[in-house]
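Structure record follows, encoded as structure tokens.
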Amino acid sequence: MLARVADNLFWMGRYIERSEHIARYLSVNYFSSLDAPNELSQSRQFVLRSMLFMVGELHEDENIEINEEEVLFNIGLNPESPFSIINNVKNARENANSARDLISTGLYESINKFYHFIINYDPDVLVKNGLHDFTTNVTEMTAILRGKIRGTLLHNEAYAIIMMGVNIERATQIIRMINAKYRDALEAQGSYGDKFSNSFEWTTLLKCAESYDMMRRLYKKPPNSISTLEFLILNPNCPRSIMNSLNQVYKHIRELDTSKRYNKNATAFLVGKVRAEYEYKHIEEIEGDIQSFIEDILNSLGQISTKMEKEYFNY
């Protein structure tokens, strides 16, 4: 396989996964605010700032009122916005086009269908009353794409490269969500006990990661900061957790790097090292300094992606 084509497959997987997480974060934050127990969490300005923070557009000055329609358009359908869903879908399709010979007809047709749905969606409908319809379609179509990847491709090197992209992006987006909701929980605290730990924002975070039902079945109690972070970071059985994503990346990279020799400069070595570090962490260590953990894991994921590109995709 050409390195250029491998790079296309890797980034196709990343852009598909990124689209889903941004869409779900928009939807859950917007509509969960209607059920929020305190005035700040119900505030539309608070919700809009959280959305912008998650995609990397921080608005520090709280005296400036944010325009709701402008935010929804910029994150959803603005072709000039580098983080918008429309640009992620365009990039996924461009990468699929460049790797057309290695993906199935069913997967390619589904990506095309997704692309045409997005580019033909009326921005006026999105910003006025179509947010639920738009984000639901995005999350459902990305789920179909993941099913097509798993069910219509040979589980060979091409599949391993796509899944490495999917899982690195999933871990990155979950950390970005944790970062945004940690910040929100500091501002919009709960009304009893440890107010930060019992903030409504932890429930919202789990719903953003589509993990609320799983977490409640496991812990059998309402979410707080420790149980939420433990579940989304360290639980290897949660399909959205950082630990699960690192396990999947390691599994697939071992399919590409079958060498039994010890090579500390290999990407597989770095992935294994990062994975081992978090496999034996206690959540209390992380909760004591969440901000440092977020910076460290984002840095580690960036290093893995960079090393992977140099080793496998450099052309």
Side-chain angles (χ1 to χ4, degrees), residues 15-57 59 65-79 81 83-90 92-93 110-147 169-170 173-174 176-178 180-181 184 188 200-216 223 232 239-240:
Y15 284 123
I16 289 170
E17 193 71 13
R18 190 177 299 177
S19 302
E20 182 206 356
H21 282 82
I22 293 173
R24 184 172 290 108
Y25 195 85
L26 280 182
S27 177
V28 171
N29 268 278
Y30 192 91
F31 295 109
S32 287
S33 65
L34 303 175
D35 299 322
N38 61 60
E39 191 174 337
L40 182 57
S41 292
Q42 293 170 4
S43 162
R44 191 52 48 82
Q45 289 296 304
F46 178 78
V47 171
L48 295 174
R49 287 180 196 281
S50 180
M51 292 175 180
L52 289 169
F53 184 79
M54 190 268 180
V55 296
E57 286 285 297
H59 277 244
E65 185 165 330
I66 300 172
N67 183 284
E68 179 181 325
E69 293 187 1
E70 189 178 306
V71 170
L72 296 181
F73 173 67
N74 283 340
I75 299 178
L77 292 172
N78 186 354
S81 174
F83 49 74
S84 66
I85 292 171
I86 192 172
N87 269 331
N88 286 316
V89 176
K90 281 181 178 178
R93 183 174 182 259
S110 294
I111 290 173
N112 256 333
K113 184 178 178 182
F114 188 18
Y115 168 76
H116 286 291
F117 169 79
I118 295 291
I119 64 167
N120 291 317
Y121 205 92
D122 186 347
D124 288 335
V125 172
L126 168 65
V127 301
K128 289 187 170 22
N129 57 13
L131 180 64
H132 182 266
D133 173 69
F134 177 77
T135 54
T136 299
N137 273 284
V138 170
T139 54
E140 288 179 353
M141 286 181 177
T142 52
I144 289 169
L145 292 178
R146 278 200 303 275
E169 189 62 38
R170 180 175 295 179
Q173 292 303 319
I174 292 295
R176 292 182 73 89
M177 287 180 182
I178 290 172
K181 299 319 287 180
D184 291 349
F200 177 72
E201 301 304 322
W202 301 115
T203 297
T204 307
L205 170 58
L206 286 163
K207 290 178 179 177
C208 288
E210 208 173 28
S211 300
Y212 181 74
D213 289 343
M214 289 186 285
M215 183 270 177
R216 288 302 301 265
L232 288 180
R240 301 278 173 173

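Sequential numbering from 1 along the given sequence is applied to the chain's residues. Reckoned from all heavy atoms, side chains included, excluding hydrogens, waters and symmetry mates.
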Flag for N87-Y15: side-chain donor and acceptor within less than 3.5 Å: no
Sidechain-backbone polar pair: S27 side chain, A23 backbone, donor-acceptor under 3.5 Å: no
Ring geometry between F134 and F117 (parallel below 30°, tilted from 30 to 60°, perpendicular above 60°): parallel
Pairwise distance CG(L48) to CD(E68) - rounded to 0.5 angstrom: 5.5 Å
Criterion side chain to side chain contact (heavy atoms under 4.5 Å, CB included) on L131 and F31, from CA distance to verdict: CA-CA 10 Å; L131 180 64; F31 295 109; 4.2 Å; yes
Closest contact, heavy atoms only, L26 versus T135: CB-CG2, 4.3 Å
Distance-only donor-acceptor check, side chains S41 and N38, under 3.5 Å: yes
T204 and F200: CA distance, side-chain angles, deciding distance, side chain to side chain contact (heavy atoms under 4.5 Å, CB included) verdict: CA-CA 7 Å; T204 307; F200 177 72; 3.4 Å; yes
Minimum heavy-atom distance R170-P239, with the two atoms named: NH1-O, 3.0 Å
Minimum heavy-atom distance N112-R93, with the two atoms named: OD1-NE, 2.5 Å
Heavy-atom closest pair, residues Y115 and V89: CA-CG1, 3.7 Å
Short side-chain donor-acceptor distance under 3.5 Å, S81 and N74: no
Q45 side chain to I66 backbone, donor-acceptor under 3.5 Å: yes
Intermediate values then yes/no, side chain to side chain contact (heavy atoms under 4.5 Å, CB included), K90 and I119: CA-CA 9 Å; K90 281 181 178 178; I119 64 167; 4.2 Å; yes
Nearest non-hydrogen partners of I85 and I22, listed with the distance: CG1-CG2, 3.9 Å
Side-chain (Q42) to main-chain (A36) donor-acceptor, under 3.5 angstrom: yes
Minimal non-hydrogen separation, A209 against S211, with atom names: O-OG, 3.0 Å
Exam field: side chain S32 to backbone N29, donor-acceptor pair closer than 3.5 Å: no
R44 side chain to Y30 side chain, donor-acceptor N/O pair below 3.5 angstrom: yes
Derivation of the salt bridge (Lys or Arg N to Asp or Glu O under 4.0 Å) call for D213 and R216: CA-CA 5 Å; D213 289 343; R216 288 302 301 265; over 6 Å; no
Test item: S84 side-chain N/O and N78 main-chain N/O as donor-acceptor pair under 3.5 Å: yes
Side chain T142, main chain V138, donor-acceptor under 3.5 Å: yes
Under 3.5 Å: donor-acceptor pair, side chain of R176, backbone of M54: yes
